[in-house]
Amino acid sequence: EAGVAQSPRYKIIEKRQSVAFWCNPISGHATLYWYQQILGQGPKLLIQFQNNGVVDDSQLPKDRFSAERLKGVDSTLKIQPAKLEDSAVYLCASSLRLAGGPRETQYFGPGTRLLVL
Amino acid sequence: AQTVTQSQPEMSVQEAETVTLSCTYDTSESDYYLFWYKQPPSRQMILVIRQEAYKQQNATENRFSVNFQKAAKSFSLKISDSQLGDAAMYFCAYAGGGNKLTFGTGTQLKVEL
(Lines give C-alpha, C1' and ligand atoms only; values in the text may rest on other atoms or scores of the structure.)
Protein backbone atom coordinates (compact mmCIF):
# COMPACT_ATOMS: atom_id res chain seq x y z
CA GLU A 1 0.00 0.00 0.00
CA ALA A 2 1.39 3.37 -1.00
CA GLY A 3 1.95 5.85 1.82
CA VAL A 4 1.21 9.55 2.06
CA ALA A 5 2.95 11.44 -0.72
CA GLN A 6 4.13 15.03 -0.47
CA SER A 7 5.89 17.40 -2.84
CA PRO A 8 8.15 19.21 -3.09
CA ARG A 9 10.51 17.78 -0.47
CA TYR A 10 12.45 21.03 -0.13
CA LYS A 11 11.69 24.64 -0.98
CA ILE A 12 13.66 27.83 -0.51
CA ILE A 13 11.94 31.17 -1.07
CA GLU A 14 12.38 34.78 -0.10
CA LYS A 15 10.07 36.50 2.34
CA ARG A 16 6.90 37.92 0.82
CA GLN A 17 6.93 35.29 -1.93
CA SER A 18 4.21 32.66 -2.19
CA VAL A 19 4.60 28.89 -2.00
CA ALA A 20 2.36 25.84 -2.33
CA PHE A 21 2.68 22.31 -1.01
CA TRP A 22 0.86 19.26 -2.27
CA CYS A 23 -0.29 16.14 -0.44
CA ASN A 24 -1.80 12.88 -1.66
CA PRO A 25 -3.16 10.76 1.20
CA ILE A 26 -3.33 7.00 1.47
CA SER A 27 -6.01 5.66 -0.82
CA GLY A 28 -9.38 5.51 0.90
CA HIS A 29 -8.43 7.75 3.80
CA ALA A 30 -11.18 10.29 4.36
CA THR A 31 -9.37 12.51 6.85
CA LEU A 32 -6.37 14.65 5.97
CA TYR A 33 -4.24 16.80 8.26
CA TRP A 34 -1.61 19.48 7.74
CA TYR A 35 0.93 20.03 10.53
CA GLN A 36 3.67 22.64 10.92
CA GLN A 37 6.84 21.53 12.68
CA ILE A 38 9.24 24.29 13.64
CA LEU A 39 12.80 23.19 14.40
CA GLY A 40 13.10 21.82 17.94
CA GLN A 41 9.35 21.52 18.45
CA GLY A 42 6.66 18.92 18.00
CA PRO A 43 4.26 19.20 15.07
CA LYS A 44 1.30 21.57 15.45
CA LEU A 45 -1.98 20.99 13.64
CA LEU A 46 -2.81 23.67 11.09
CA ILE A 47 -5.94 22.25 9.46
CA GLN A 48 -7.96 19.04 9.37
CA PHE A 49 -10.24 17.93 6.51
CA GLN A 50 -12.95 15.29 6.50
CA ASN A 51 -13.43 14.46 2.82
CA ASN A 52 -13.54 17.95 1.27
CA GLY A 53 -14.87 19.77 4.33
CA VAL A 54 -12.85 21.57 7.02
CA VAL A 55 -13.17 20.05 10.50
CA ASP A 56 -10.66 22.21 12.38
CA ASP A 57 -8.67 25.22 11.17
CA SER A 58 -8.46 27.05 14.49
CA GLN A 59 -4.65 27.27 14.39
CA LEU A 60 -4.31 28.20 10.73
CA PRO A 61 -3.06 31.80 10.25
CA LYS A 62 -5.78 32.65 7.81
CA ASP A 63 -4.33 36.01 6.80
CA ARG A 64 -1.54 34.21 4.95
CA PHE A 65 -2.25 30.48 4.93
CA SER A 66 -4.92 28.72 2.91
CA ALA A 67 -5.68 25.08 2.20
CA GLU A 68 -8.09 23.17 0.06
CA ARG A 69 -9.13 19.62 -0.68
CA LEU A 70 -11.55 20.14 -3.52
CA LYS A 71 -12.31 16.56 -4.55
CA GLY A 72 -11.79 14.99 -1.15
CA VAL A 73 -8.49 13.38 -2.11
CA ASP A 74 -5.42 15.56 -2.82
CA SER A 75 -4.81 18.69 -0.81
CA THR A 76 -2.84 21.89 -1.33
CA LEU A 77 -1.49 24.18 1.39
CA LYS A 78 -0.50 27.70 0.34
CA ILE A 79 1.38 30.48 2.07
CA GLN A 80 1.08 34.01 0.67
CA PRO A 81 3.04 36.08 1.55
CA ALA A 82 5.65 34.05 3.41
CA LYS A 83 7.41 35.34 6.52
CA LEU A 84 10.72 34.29 8.03
CA GLU A 85 8.92 32.53 10.89
CA ASP A 86 7.18 30.22 8.40
CA SER A 87 10.45 28.31 7.99
CA ALA A 88 9.50 24.82 9.12
CA VAL A 89 8.69 21.31 7.98
CA TYR A 90 5.14 20.93 6.75
CA LEU A 91 3.80 17.45 7.39
CA CYS A 92 0.72 15.93 5.83
CA ALA A 93 -1.04 13.00 7.48
CA SER A 94 -4.12 10.96 6.74
CA SER A 95 -6.39 8.60 8.62
CA LEU A 96 -9.15 6.26 7.56
CA ARG A 97 -12.03 8.32 8.93
CA LEU A 98 -12.87 10.79 11.63
CA ALA A 99 -13.86 8.48 14.43
CA GLY A 100 -16.79 9.06 16.70
CA GLY A 101 -15.37 6.28 18.84
CA PRO A 102 -11.90 4.79 18.51
CA ARG A 103 -9.20 7.18 17.43
CA GLU A 104 -7.82 6.48 14.00
CA THR A 105 -4.07 6.23 13.62
CA GLN A 106 -2.59 9.01 11.53
CA TYR A 107 0.00 8.10 8.92
CA PHE A 108 2.47 10.78 7.94
CA GLY A 109 4.14 11.75 4.71
CA PRO A 110 7.85 12.62 4.40
CA GLY A 111 7.20 16.33 4.82
CA THR A 112 8.20 19.46 2.92
CA ARG A 113 11.07 21.45 4.38
CA LEU A 114 10.55 25.18 3.79
CA LEU A 115 13.25 27.80 4.26
CA VAL A 116 12.24 31.45 4.02
CA LEU A 117 15.15 33.87 3.52
CA ALA B 1 -6.68 22.35 26.41
CA GLN B 2 -4.63 19.21 26.38
CA THR B 3 -0.88 19.38 26.96
CA VAL B 4 1.86 16.82 26.52
CA THR B 5 5.17 17.12 28.36
CA GLN B 6 8.41 15.32 27.60
CA SER B 7 10.97 16.36 30.19
CA GLN B 8 13.97 14.58 28.68
CA PRO B 9 15.38 16.53 25.70
CA GLU B 10 18.07 13.89 25.15
CA MET B 11 18.69 10.31 26.24
CA SER B 12 21.54 7.90 25.52
CA VAL B 13 21.58 4.12 25.64
CA GLN B 14 24.15 1.47 24.91
CA GLU B 15 23.38 -0.95 22.13
CA ALA B 16 21.44 -3.99 23.43
CA GLU B 17 20.49 -2.19 26.63
CA THR B 18 17.07 -0.93 27.73
CA VAL B 19 15.96 2.70 27.86
CA THR B 20 12.77 4.39 29.07
CA LEU B 21 11.45 7.66 27.68
CA SER B 22 9.05 9.66 29.85
CA CYS B 23 5.85 11.46 28.94
CA THR B 24 3.11 13.11 30.98
CA TYR B 25 -0.08 14.67 29.75
CA ASP B 26 -2.94 16.73 31.03
CA THR B 27 -6.55 16.30 29.98
CA SER B 28 -10.08 16.42 31.30
CA GLU B 29 -11.35 13.93 28.72
CA SER B 30 -12.05 10.33 29.62
CA ASP B 31 -11.82 8.86 26.12
CA TYR B 32 -8.51 9.35 24.39
CA TYR B 33 -5.57 7.60 22.81
CA LEU B 34 -1.84 8.03 23.34
CA PHE B 35 0.91 7.44 20.80
CA TRP B 36 4.65 7.29 20.48
CA TYR B 37 6.02 8.37 17.11
CA LYS B 38 9.61 8.06 15.92
CA GLN B 39 11.13 10.73 13.66
CA PRO B 40 14.52 9.88 12.12
CA PRO B 41 16.63 12.54 10.38
CA SER B 42 14.56 12.02 7.24
CA ARG B 43 11.73 13.74 9.19
CA GLN B 44 9.16 11.04 8.39
CA MET B 45 6.97 10.41 11.42
CA ILE B 46 6.64 6.68 12.05
CA LEU B 47 4.13 5.20 14.48
CA VAL B 48 5.85 3.12 17.15
CA ILE B 49 3.01 2.17 19.47
CA ARG B 50 -0.45 3.31 20.59
CA GLN B 51 -2.48 2.91 23.75
CA GLU B 52 -6.23 3.23 24.23
CA ALA B 53 -7.05 4.97 27.51
CA TYR B 54 -9.90 2.59 28.31
CA LYS B 55 -7.56 -0.41 28.21
CA GLN B 56 -5.72 -1.21 31.42
CA GLN B 57 -3.30 -3.56 29.70
CA ASN B 58 -0.11 -1.88 28.52
CA ALA B 59 0.51 -2.02 24.78
CA THR B 60 3.53 -3.87 23.40
CA GLU B 61 5.04 -4.06 19.92
CA ASN B 62 8.05 -6.38 19.73
CA ARG B 63 10.88 -4.54 21.56
CA PHE B 64 8.68 -1.56 22.39
CA SER B 65 6.30 -1.40 25.34
CA VAL B 66 4.57 1.29 27.33
CA ASN B 67 3.85 1.89 30.99
CA PHE B 68 0.48 3.62 31.04
CA GLN B 69 -0.53 5.07 34.40
CA LYS B 70 -3.91 6.69 33.80
CA ALA B 71 -4.39 8.19 37.26
CA ALA B 72 -0.94 9.76 37.17
CA LYS B 73 -1.41 10.78 33.50
CA SER B 74 1.91 9.17 32.65
CA PHE B 75 2.80 7.30 29.46
CA SER B 76 6.41 6.10 29.22
CA LEU B 77 8.03 4.14 26.39
CA LYS B 78 10.44 1.31 27.07
CA ILE B 79 12.78 0.16 24.31
CA SER B 80 14.44 -3.19 24.99
CA ASP B 81 17.55 -4.55 23.26
CA SER B 82 18.26 -1.12 21.74
CA GLN B 83 19.58 -1.10 18.19
CA LEU B 84 21.47 1.52 16.21
CA GLY B 85 18.37 1.99 14.05
CA ASP B 86 16.41 3.13 17.09
CA ALA B 87 18.35 6.40 17.16
CA ALA B 88 15.85 9.15 16.38
CA MET B 89 13.63 11.84 17.89
CA TYR B 90 10.71 10.30 19.76
CA PHE B 91 7.46 12.19 20.19
CA CYS B 92 4.68 11.41 22.61
CA ALA B 93 1.26 12.43 21.29
CA TYR B 94 -2.31 12.64 22.56
CA ALA B 95 -5.52 12.29 20.55
CA GLY B 96 -8.84 13.18 22.10
CA GLY B 97 -12.13 14.18 20.52
CA GLY B 98 -11.81 14.99 16.83
CA ASN B 99 -8.64 12.91 16.52
CA LYS B 100 -6.42 16.01 16.62
CA LEU B 101 -2.91 15.06 17.71
CA THR B 102 -1.16 17.14 20.37
CA PHE B 103 2.58 16.44 20.47
CA GLY B 104 5.23 16.85 23.12
CA THR B 105 8.54 18.55 22.37
CA GLY B 106 10.35 15.29 21.74
CA THR B 107 13.25 13.29 23.17
CA GLN B 108 16.36 12.77 21.07
CA LEU B 109 17.57 9.20 21.57
CA LYS B 110 21.20 8.34 20.89
CA VAL B 111 22.33 4.73 20.67
CA GLU B 112 25.99 4.09 21.41
CA LEU B 113 28.13 1.11 20.48
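Every heavy atom of this structure was used, including side-chain atoms; hydrogens, water molecules and symmetry mates were not. Chain A is the first sequence line, chain B the second, and so forth, proteins listed ahead of strands; every chain is numbered from 1.
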Worksheet item: Among A:K44, A:R113, A:Q6, which residue forms the greatest number of heavy-atom pairs with chain B at distances under 4.5 Å?
Response: A:R113

Discussion item. Is it the case that over 12 heavy atoms from other parts of the model lie below 6.0 angstrom from the NZ atom of A:K71?
Written reply: no

Discussion item. Are A:Y35 and B:Y33 linked, directly or through intermediate hydrophobic residues, by side-chain heavy-atom contacts shorter than 4.5 Å (ILVMFWY only)?
Written reply: yes

Practice prompt. To the nearest 0.5 Å, tell me how far B:K100 NZ sits from A:Q59 CD.
Written response: 4.5 Å

Item to complete: Spell out, yes or no, whether A:W34 and A:I26 are grouped together once hydrophobic residues are joined by side-chain heavy atoms under 4.5 Å, including indirect joins.
Response: no

Practice prompt. Heavy atoms only, distances under 4.5 angstrom: which of A:P43, A:G109, A:G111 has the most pairs with chain B? Name it, please.
Written response: A:P43

Worksheet item: Which one of B:I46, B:L101, B:L47 satisfies the side chain to side chain contact (heavy atoms under 4.5 Å, CB included) criterion with A:F108?
Response: B:L101

Worksheet item: For B:K70, does the NZ atom sit with more than 12 other heavy atoms under 6.0 Å from it, leaving out its own atoms?
Response: yes

Worksheet item: With sequence neighbours left out, what residues match B:F91 under ring pair (Phe, Tyr, Trp, His ring centres under 6.0 Å)?
Response: none

Item to complete: Report, as yes or no, whether the 6.0 Å neighbourhood of atom CG on B:N62 holds more than 12 heavy atoms from other residues, nucleotides or ligands.
Response: no

Practice prompt. Report whether A:V73 and A:L32 are members of the same hydrophobic cluster (ILVMFWY, side-chain heavy atoms less than 4.5 Å apart, transitive linking).
Written response: no

Worksheet item: For chain B, which residues from residues 83-94 of chain A lie under 4.5 Å away (heavy-atom distances)?
Response: A:V89, A:L91

Worksheet entry | Separation of B:Y37 OH from A:T105 OG1 (nearest 0.5 Å) | 6.0 Å

Practice prompt. Output the distance between atom CG (A:L96) and atom CG (B:N99), rounded to the nearest 0.5 Å.
Written response: 10.5 Å

Practice prompt. Give, as side chain, backbone, both or neither, the part of B:Q39 having an atom under 4.5 angstrom from any heavy atom of chain A.
Written response: side chain

Worksheet item: Does CZ in A:F21 sit with more than 12 non-hydrogen atoms of other residues, nucleotides or ligands closer than 6.0 Å?
Response: yes

Worksheet item: Is the CD atom of B:Q83 crowded by more than 12 outside heavy atoms at less than 6.0 Å?
Response: yes

Worksheet item: So with a 6.0 Å cut-off around CG of B:L84, is the heavy-atom count from everything else above 12?
Response: yes

Item to complete: Please look at A:Q41 and chain B and tell me whether the side chain, the backbone, both or neither of the residue comes under 4.5 angstrom of a heavy atom of that chain.
Response: backbone

